[in-house]
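Let me begin by presenting the structure, written as structure tokens, before commenting on it.
These figures come from a predicted structure and were not determined experimentally. Protein chains get the first letters and strands the later ones, always in sequence-line order, with residue 1 at the start of each.
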Amino acid sequence: MRETAMLEIRNLHVTVDDKPILRGLELEVHAGEVHAIMGPNGSGKSTLAHVLAGREGYVVTQGEVRYMGRDLLALAPEERAREGIFLAFQYPVEIPGVANIYLLKAALNAMRRHRGEAELDAVDFLALVKGKLRLMDMDETLLYRAVNEGFSGGEKKRNEILQMAVLEPRLAILDETDSGLDIDALKVVANGVNAMRGRERAMILVTHYQRLLDYIRPDRVHVLAQGRIALSGGPDLAQELERRGYAWVEAEARGQQAGAAGGQR
Amino acid sequence: MRVAPAEPCVPGFLSAYPALAPRLPGAAVPWLRRCRDEAMERFAALGLPTSRDEDWKYTSVAAIARRAFGVAAAVDLSDELHAMVSRHAMVGTHRMVFVDGHFVPGLSQAMPLPAGAWVGSLAQALDTRAVDAEAFFAAADEATDGFAALNAAFWSDGAWMDLAAGVALEVPVHLLFVTTRSDLAVFPRNLIRVGAGASATVIEHHVGPEGVAYLGDTVTRIVLGRGARVAHTKLQQEGRKGFHVAAVAAEQGQDSSFVSHAFAFGGQLARAAIATRLGAEGCDARLSGLYVGSGRQHIDHHTCIDHASPRGTSRELYKGVLDEAARAVFNGRVIVRPDAQRSDALQSNRNLLLSEDAEVDTKPQLEIWADDVKCAHGATVGQLDADQLHYLRARGIGEGDARALLIRAFAADALAGIEHGPLRVRLESLLPGALPEAA
């Protein structure tokens, strides 16, 4: 018998602008695991990431999501973050006028307050951040620029992982973190992610391509099609998908929805 | 003590003038007395502006017109006044305090000034020094509306700054205008002349009591010689029931640089007209502003940048943050005269509306008569960005803090270029929104 899952998604149905996107998604993620969610464009991968982070406009019509034994969907986005959920955005948002270091500090201290810990003073905070900067091979000057403003695509993605490294979440969700990265940046990002793997932490990698999984080896791979997990497997599944594409999975998923049972193989 | 017309604004001032005129500064100076008389005639002809005047289309001054205002003939020095002055004072400045329109040396703070720099009371200068200000007045009093005429007729005092060529006035001059009582009308007038290659930083600061109505009607004229540099910051913190009407007009000499910051926080009805004329080649003008309104405040900025000579550069950025039922007007006029080839003008007005009842009328007004020019303008009106808000919340920052942080970030642009530390700190404390506790 395994311990209770960190994240438990049951029969999740989500609509966006009244359009059903997720249609009965099931997923269990345990502490220490890295899951990859793959699938063709429009299959609902990013929707899943947004719903878990609490983005407005994503309406849950059925099902439930439990995180650490609690009803996740009842929590505001900031409460989820303080409880240890971190979403690395596919499109990190530019915030002119707010310094990167300021956001990092405000976010970290919000979490520490939530956990009843003392806020870090400026010296300890800077020491912490500088260590993480080295891990992400980022220049210190990026700390003092406005959040993501004028950052290159690669810098934005690194900045997301930098935030993750500083905030040390319990559950990290990386939404298409590999998209738009050249191979060197991809290695740096993967390095940063791998450095954070641990027994207490779970990760969900949302990705279209298998490329990221060459550097971050997942424990489980799931294929999303038609708004539900159509296929799950071990790390080798990613390579099979790379070889064969998604069409056959989608075809099977359509077949299953037409009446066949099962979804795991 | 005050002379209080019992009638509404226009007839009240018309009937009060004959008795007041002999006691106003410079009454013994014939040309000045003539200027005042002529201004009074213009006021009689113009009255107060109405919505039929294009420049006042969105700003009704009916609330001013129907009130009766008196003029303070003397100053009462109270404990509250001392407290108010010390609250608004800024360290490291040459401070001149004007109370209810009158210079009060006892509340002011003189700093050592370099040779060739004269900074003092305009009334005293005219009464004791026979300053050559006549041309200044004649030009200033081409009064375009009733408020300018009223100021020209009734002005009681203000700053007279005269910097000889090459004088760098390092110490900022803080002109603090305090109104103390309800139903007063005060008419400050500042004349600032900065010689060739000279430089000055001026903070024009208006404050008043909360909860009572009064009228401040200010005119500031700035003349910049060749290569002169002036940084003028207007900080409007009138009481929330005060009426504030102000005009700042600069005339720029060759290769001069004029920087204007306008911060408007107070007043139930506040109007600022800020104009500069790039009167010779190679001038640079930078205008920025921030207006912050809530409740039922009405805040109007009319700016005019007149490229009258070639190779001038102007940059203008005005921002507004409006909450509740506040209303703002921004009218940005840019003129490029036929001879002003190779002018380069950029204008931007950005507004953040925090409530459904808040409103802004923004209007760029470009009049371009030359062909070899670069001119661009843009205006935006929007709400807080939902993506930015979500991003901050997804990092654990609460919704209220995230909103305050974004409002703050939006407004903070307006502080760019404010170099004087104490002024910067003061302005930061006045910005809307806030930094969350982590700061």
Side-chain angles (χ1 to χ4, degrees), chain A residues 49-50 52-58 75-115 119-122 125 146-149 156 159-160 162-164 166-167 169 173 175, chain B residues 263 288-290 292 317-321 348-352 354 378 380-418 424 427-439:
Chain A
H50 284 306
L52 294 178
R55 183 81 168 101
E56 270 178 34
Y58 293 78
L75 301 180
E78 57 267 35
E79 293 170 323
R80 301 180 193 199
R82 292 172 194 164
E83 288 291 335
I85 291 185
F86 180 92
L87 170 64
F89 282 61
Q90 181 180 5
Y91 302 108
V93 179
E94 299 191 6
I95 310 184
V98 177
N100 213 18
I101 189 163
Y102 185 81
L103 169 61
L104 282 171
K105 194 171 178 201
L108 180 62
N109 282 333
M111 265 159 237
R112 294 181 66 96
R113 276 198 300 274
H114 180 70
R115 296 194 296 248
E119 296 184 13
L120 280 190
D121 67 27
F125 172 72
V147 176
N148 294 321
E149 191 186 32
K156 284 181 182 171
N159 201 32
E160 293 293 289
L162 172 73
Q163 292 177 11
M164 178 172 100
V166 169
L167 299 178
I173 304 152
D175 188 8
Chain B
F263 295 92
S288 76
L290 173 69
V292 179
L317 172 63
Y318 266 72
K319 288 190 147 186
V321 180
S348 170
N349 174 229
R350 297 180 57 200
N351 297 279
L352 184 57
L354 301 175
T380 61
V381 179
Q383 285 92 43
L384 285 177
D385 184 297
D387 290 335
Q388 293 178 346
L389 209 50
H390 175 67
Y391 190 76
L392 293 173
R393 294 179 72 190
R395 293 298 175 255
I397 298 169
E399 186 174 10
D401 280 348
R403 286 176 64 88
L405 182 58
L406 291 176
I407 293 166
R408 176 85 170 195
F410 175 85
D413 264 7
L415 298 192
I418 302 267
R424 215 187 149 82
L427 290 169
E428 279 172 358
S429 75
L430 295 171
L431 288 182
L435 298 170
E437 290 162 45

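Sparse packing is recorded around CD of B:Gln383, with 12 or fewer heavy atoms of other residues, nucleotides or ligands lying under 6.0 Å away.
No part of A:Pro169 comes within reach of chain B, as not one of its non-hydrogen atoms sits under 4.5 angstrom from that chain. With a 4.5 angstrom heavy-atom cutoff, A:Asp121 does not touch chain B via any of its atoms. For A:Ile95, the parts sitting under 4.5 Å from any heavy atom of chain B are the backbone and the side chain alike. Contacts between B:Ala394 and chain A at a heavy-atom distance below 4.5 Å involve backbone atoms as well as side-chain atoms.
The side-chain heavy atoms of B:Asp387 and A:Tyr91, taken from C-beta on, include no pair separated by under 4.5 Å. For the pair B:Leu405 and A:Leu103, the minimum side-chain heavy-atom distance is 4.5 Å or more.
With rounding to the nearest 0.5 Å, the separation of CD in A:Glu78 from NE2 in B:His390 is 10.0 Å.
When every heavy atom of B:Tyr391 is checked against every heavy atom of A:Val147, the shortest pair comes out as CE2-CG1, 4.0 Å. Considering all non-hydrogen atoms of both residues, B:Arg395 and A:Leu167 come closest at CD-CD1, 4.1 Å. Closest non-hydrogen pair, B:Gly396 versus A:Ala81, comes out as N-CB, 3.3 Å.
Tested against B:Arg393 for a side-chain contact (heavy atoms from CB on, under 4.5 Å), the candidates A:Glu56, A:Arg80, A:Glu79 yield a single pass: A:Glu56.
Of the listed residues (A:Gln163, A:Met111, A:Glu94), the one with the most heavy-atom contacts under 4.5 Å to chain B is A:Gln163.
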